[in-house]
Amino acid sequence: MTLLLTVLGALLCSLTVSSEIMPQADFNLQGVAGKWYLIGFATNAQWFANRRASMKMGTTMLTPTADGDLDMSYASLTHDGSCWRLNNLAKKTDVPGKFTYASERWGNQNDMRMVDVKYDEYALTHTIKTKGGDTTVVNKLYGRGEDLSADLLEKFRQFSLETGILPENIAFLPKNAECPPA
């Protein structure tokens, strides 16, 4: 019983922390436009343990729309040479740097925040995913190139720990060949 209460307390704390994560104060939508490499991935989702070993670096194209939304196109080359692709349109909210979107593929609602961005170098995102009564957190670290400094990797690791993600659920993805344009 004590263990159960401890786990529930930790979960509630992590969800409270996540709901208080704010986007970067001076977020510039046009500044995030373009190609990003997915370098770091951290989540408390159960599926991650089974898929972590097969995950590799992919690329994301972020394209601001005229309405202030953000078109997100992700592609990653799989072990058999095919491309795994995912597209979502993140709708702007009243808070600059905070977006919401529904994933048709996974059937969940997403609340994404651009937490820390240096537009020519890296972007750190925090997403709260809700499906049914389940809530999970996903943090991602993107780079304009395939490599980021050890300091930035550590910053991502620390941020992920602070948002309730276990150390074993924080991954830095191995480099991968890129998918051809769709």
Side-chain angles (χ1 to χ4, degrees), residues 3-4 6-24 32 36-62 70 72-79 83-91 93 97-117 122-143 146 148 150 152-176 179:
L3 178 61
L4 177 62
T6 303
V7 169
L8 286 174
L11 178 62
L12 287 174
C13 285
S14 71
L15 293 178
T16 301
V17 167
S18 288
S19 66
E20 295 172 0
I21 302 291
M22 294 300 293
Q24 182 165 302
V32 297
W36 294 91
Y37 292 88
L38 179 58
I39 293 172
F41 192 95
T43 183
N44 58 2
Q46 290 185 344
W47 64 262
F48 184 66
N50 296 332
R51 292 193 180 89
R52 178 184 174 158
S54 65
M55 291 179 72
K56 293 190 183 301
M57 189 179 289
T59 57
T60 298
M61 286 299 294
L62 298 180
L70 191 59
M72 305 182 300
S73 274
Y74 178 76
S76 181
L77 196 64
T78 63
H79 68 281
C83 283
W84 191 85
R85 297 181 189 276
L86 183 65
N87 294 296
N88 285 301
L89 179 64
K91 305 294 268 177
T93 66
K98 181 177 175 185
F99 299 88
T100 60
Y101 63 96
S103 172
E104 290 181 26
R105 178 172 270 170
W106 308 119
N108 56 23
Q109 296 298 316
N110 298 272
D111 174 337
M112 181 181 79
R113 297 124 196 250
M114 296 287 205
V115 178
D116 188 10
V117 184
Y122 71 92
L124 193 161
T125 67
H126 175 76
T127 304
I128 302 165
K129 298 177 172 282
T130 307
K131 183 177 181 177
D134 295 331
T135 300
T136 56
V137 170
V138 174
N139 295 329
K140 294 180 182 177
L141 177 64
Y142 295 96
E146 295 178 305
L148 289 175
L152 284 174
L153 299 180
E154 180 58 21
K155 181 178 193 173
F156 175 73
R157 194 181 76 73
Q158 284 299 321
F159 175 77
S160 294
L161 292 171
E162 290 166 11
T163 55
I165 295 174
L166 298 172
E168 61 269 22
N169 291 340
I170 301 169
F172 295 103
L173 305 176
K175 292 180 183 176
N176 193 14
C179 288

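Sequential numbering from 1 along the given sequence is applied to the chain's residues.
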Tell me the closest heavy-atom pair linking F156 and N139, and the distance in Å. CZ-O, 3.6 Å

Would a 4.5 Å heavy-atom cut-off, applied to side chains only, mark I128 and N110 as touching? no

Show, in sequence, the C-alpha distance, side-chain angles and deciding distance for V32 and L70, and conclude whether the side chain to side chain contact (heavy atoms under 4.5 Å, CB included) test is met. CA-CA 9 Å; V32 297; L70 191 59; 4.2 Å; yes

Looking at E154, I'd like to know if its CD atom is crowded, meaning that more than 12 non-hydrogen atoms belonging to other residues, nucleotides or ligands lie closer than 6.0 Å. yes

Any side-chain heavy-atom pair of P23 and V115 under 4.5 Å: no

Would you call the rings of H126 and F159 parallel, tilted or perpendicular, taking 30° and 60° as the class edges? perpendicular

For W36 and A123, work out which heavy atoms get closest and say how close. CZ3-N, 3.7 Å

Is there a donor-acceptor contact under 3.5 Å from the side chain of T125 to the main chain of M114? no

Looking only at atom types and distance, does a side-chain atom of T43 sit under 3.5 Å from a main-chain N or O of V137, one as donor and one as acceptor? yes

CG of N169 to CZ of F48: how many Å apart, nearest 0.5 Å? 6.0 Å

Quiz: residues 52-60 side-chain donor-acceptor pairs under 3.5 angstrom, not counting sequence neighbours:
| unit_1 | atom_1 | unit_2 | atom_2 | d |
| --- | --- | --- | --- | --- |
| R52 | NH1 | E168 | O | 2.2 |
| R52 | NH2 | I170 | O | 3.2 |
| S54 | OG | R51 | O | 3.0 |

Given the rule in the side chain to side chain contact (heavy atoms under 4.5 Å, CB included) test, do K155 and D116 qualify, once you have shown the distances and angles that lead to the verdict? CA-CA 10 Å; K155 181 178 193 173; D116 188 10; 2.5 Å; yes

Side chain proximity check, M72 to Y101, heavy atoms < 4.5 angstrom: yes

Electrostatic pair D111:K129 at N-O distance under 4.0 angstrom: no

Distance, nearest 0.5 Å, that separates SG of C179 from CG of L77: 5.0 Å

Measure the shortest side-chain to side-chain distance between L166 and N44 over non-hydrogen atoms and say whether it is less than 4.5 angstrom. no

Candidate pair W106 and N88, rule side chain to side chain contact (heavy atoms under 4.5 Å, CB included), full reasoning: CA-CA 11 Å; W106 308 119; N88 285 301; over 6 Å; no

Nearest 0.5 Å, please: how far is OG in S76 from CG in L86? 11.0 Å

Rounded distance (nearest 0.5 Å) linking atom CD1 of I39 with atom CG of L124: 11.5 Å

Given F41 and F172, is the ring pair (Phe, Tyr, Trp, His ring centres under 6.0 Å) satisfied, shown in steps? CA-CA 6 Å; F41 192 95; F172 295 103; over 10 Å; no

Report the distance from atom OG1 of T93 to atom CZ of R113, rounding to the nearest 0.5 Å. 8.5 Å

So how far is it from Y74 OH to Y142 OH, rounded to the nearest 0.5 Å? 8.0 Å

